[in-house]
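Both ligands and their constituent atoms are indexed starting at 1 by order of listing. Any value given below was found using the heavy atoms of this structure, including those in side chains, with hydrogens, waters and symmetry copies removed.
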Amino acid sequence: MSDQDRTPRDWDLFVIGAGSGGVRAARTAAAAGARVAVAEDRYLGGTCVNVGCVPKKLYSYAAHFHDAFEDAEGFGWQLPEPPRFDWPTLRDNKVGEIKRLNDIYARLLDGADVRLINGRARVLDPHHVEVAGEVHSVEKILVAVGGWPWIPDFPGSELAVTSNEVFDLERFPERFLVLGGGYIAVEFASIFNGLGSDTHLVYRGELFLRGFDREVREFARDQMREKGVDLRFDTNIECIERVAGGLAVTLTSGETLEVDAVLAATGRRPHLAGLGLDELDVQLTDGGHPKVDERFATSVPSILAIGDVTGGPELTPVALAEAMHLVRCHFGETPPKAPLAYDKIATTVFCHPNIGTVGLTEEQARERYGDIRVYTADFRPLKHTLSGSRERCLMKLIVDDASDVVVGAHMVGEEAGEVIQGIAVAVKAGLTKADFDATVGIHPTGAEEFVTMRTPTRR
Ligand code: NDP
């Protein structure tokens with residue numbers, strides 16, 4: 001008699017972590033007939049809803065008003081007095097909106113008949129989880145605990161905040177410094193610069209956004225500098241000290257900058273502390289992420305993992321796709337025929353202006369295909385002929401010369417995320433440059449450049 005026959009399990013699926021991936025897996029599995037519980041010790045909706053995508057986008061909107069006020073004058077608008085930004089209004093309105101979303105998540109779980117348990121879960125063995133003093137016997141455990149910001153160790157590093165705290169600063173930082181060159185660093189540099197802070201970004205490498213298309217990175221660098229962000233590359237923080245007026249940040253270049261807040265955006269690590277996986281046979285990658293197979297099972301078959309904790313692309317839509325794939329694999333009537341595809345995932349960096357991208361960079365395409373055609377458009381958007389803004393827009397298509405397939409599309413410009421989301425369908429579908437050319441543009445838009453670029457910029 002198997003262990004399962006002896007003791008009927010309390011749950012078919014026990015999800016640890018009510019973030020994007022965990023909640024989607026719980027609801028979808030419950031809809032497929034599974035008995036599901038979710039344990040969460042912090043907030044419903046995880047990083048994305050509480051300290052990530054959602055509040056970040058709201059703050060990014062707030063920061064964009066800065067340009068909008070300046071642009072308005074050329075169109076005939078005059079403001080009675082210079083606009084003033086009030087940080088507590090933004091912060092507190094954000095708190096209200098997140099609370100509304102938390103409640104929606106609770107209702108979604110409740111409506112799906114998923115039991116929500118408040119507390120940090122501990123995995124006792126492959127079929128038992130303890131949370132809030134109760135032990136649950138479970139068929140499968142899903143680890144969807146996400147990541148947690150990581151700060152390198154240097155003198156005064158405890159004076160820096162992370163993306164967990166930066167949204168709720170008590171006082172608006174008139175002088176702001178961000179350390180790092182990834183998504184979070186670049187986005188927050190733009191946000192605080194737009195909100196009116198005197199903003200510095202310090203990055204250890206020669207150019208931020210490693211892994212993105214080189215031309216896109218250079219264009220974004222120039223645009224951010226144009227908007228007033230002080231970008232310092234090949235530099236790191238030596239130490240931070242508290243001084244009378246704020247924080248004194250000494251850089252490896254020898255310079256010292258005095259600021260009101262330092263954001264360390266130096267990456268995120270899997271949030272496995274206290275979960276008990278280290279006492280089981282769950283194998284980890286070099287980065288400390290649970291290793292998973294195509295069905296998202298770890299080396300302990302009843303323990304599954306999805307989302308940021310697994311070290312794949314740390315993006316909400318990826319966690320959602322993984323959740324649905326996992327449910328089809330483990331609880332569905334027809335398991336998926338192929339593993340989840342991770343290529344051609346579109347993404348946006350919400351810096352100002354935005355970067356939107358899908359598919360290969362020029363560098364990757366050249367390495368993979370050898371012969372490529374690159375089409376670029378670098379122009380001043382129509383809006384800025386009257387606004388007086390010096391903001392420019394870059395659009396770029398990368399085409400495999402042999403097949404004519406568009407293998408990469410990139411944009412730096414207003415609403416690049418919105419534009420690239422549409423282009424991503426074409427790139428994902430493997431359409432050719434001829435298909436792009438056969439598409440009639442929408443005039444006058446910036447996006448029409450994607451279907452009107454005819455002459456390769458280089459081969
Ligand atoms: P990233 O991993 O993207 O970037 C971390 C940055 O910190 C890198 O520039 C890295 O430098 C630098 N760094 C690492 N260690 C050190 C150190 N010891 N000293 C100085 N600098 C260091 O992490 P983020 O925190 O920006 O974001 C985490 C993830 O969240 C992203 O990868 C992304 O997937 C996701 N995210 C997505 C967003 C979106 O979709 N718009 C928005 C925000 C986050 P180096 O490049 O040299 O390694």
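For atom 40 (O) of ligand 1, the nearest non-hydrogen atom of the protein is L315 CD2, 3.3 Å. The protein heavy atom nearest to atom 29 (C) of ligand 1 is E314 OE1, 3.6 Å. Among all non-hydrogen protein atoms, the one lying nearest atom 4 (O) of ligand 1 is G182 CA, 3.5 Å. Scanning the protein heavy atoms around atom 16 (C) of ligand 1, the nearest turns out to be R204 NH1, 3.4 Å. The closest protein non-hydrogen atom to atom 18 (N) of ligand 1 is P152 CB, 3.5 Å. Shortest contact from atom 7 (O) of ligand 1 to any protein heavy atom: T266 CA, 3.2 Å. In terms of protein heavy-atom proximity, atom 48 (O) of ligand 1 is closest to R210 NH2, 2.8 Å. Summary of contacts: the protein heavy atom closest to atom 6 (C) of ligand 1 is A265 O, 3.6 Å.
Checking only distances, R268 never comes within under 3.5 Å of ligand 1, N or O to N or O. Polar contact with ligand 1: present for I184 (N/O pair, distance under 3.5 Å).
Atoms of ligand 1 found under 4.0 Å from any heavy atom of K56, numbered from 1 in the order shown, are 41 (N), 42 (C). Below 4.0 Å from some heavy atom of G267 lie the following atoms of ligand 1, by number and element: 5 (C), 23 (O), 25 (O). Heavy-atom contacts of N236 reach the following atoms of ligand 1: 19 (N), 20 (C) (cutoff under 4.0 Å).
Distance alone, capped at 3.5 Å, is enough to place a donor-acceptor pair between the E322 side chain and the G307 backbone. No donor-acceptor distance shorter than 3.5 angstrom exists from the side chain of R91 to the backbone of D86, with no hydrogens or angles considered.
R269 forms no cation-pi arrangement with W148, by the criterion of a distance under 6.0 Å to the ring centre and an angle within 45° of the ring axis.
For the salt bridge (charged side-chain N to carboxylate O under 4.0 Å, His left out) with D103, the qualifying choice from K99, R107, R100 is K99, the only one to do so. For the ring pair (Phe, Tyr, Trp, His ring centres under 6.0 Å) with F188, the qualifying choice from F167, F176, F350 is F167, the only one to do so. Tested against F208, the residues Y183, Y203, F233 include a single ring pair (Phe, Tyr, Trp, His ring centres under 6.0 Å) partner, F233.
Proximity annotation for atom 45 (P) of ligand 1: of F350, Y203, F208, Y183, Y203 comes nearest, heavy atoms only. Of the listed residues (P149, S60, G181, C53), the one carrying the non-hydrogen atom nearest atom 8 (C) of ligand 1 is G181.
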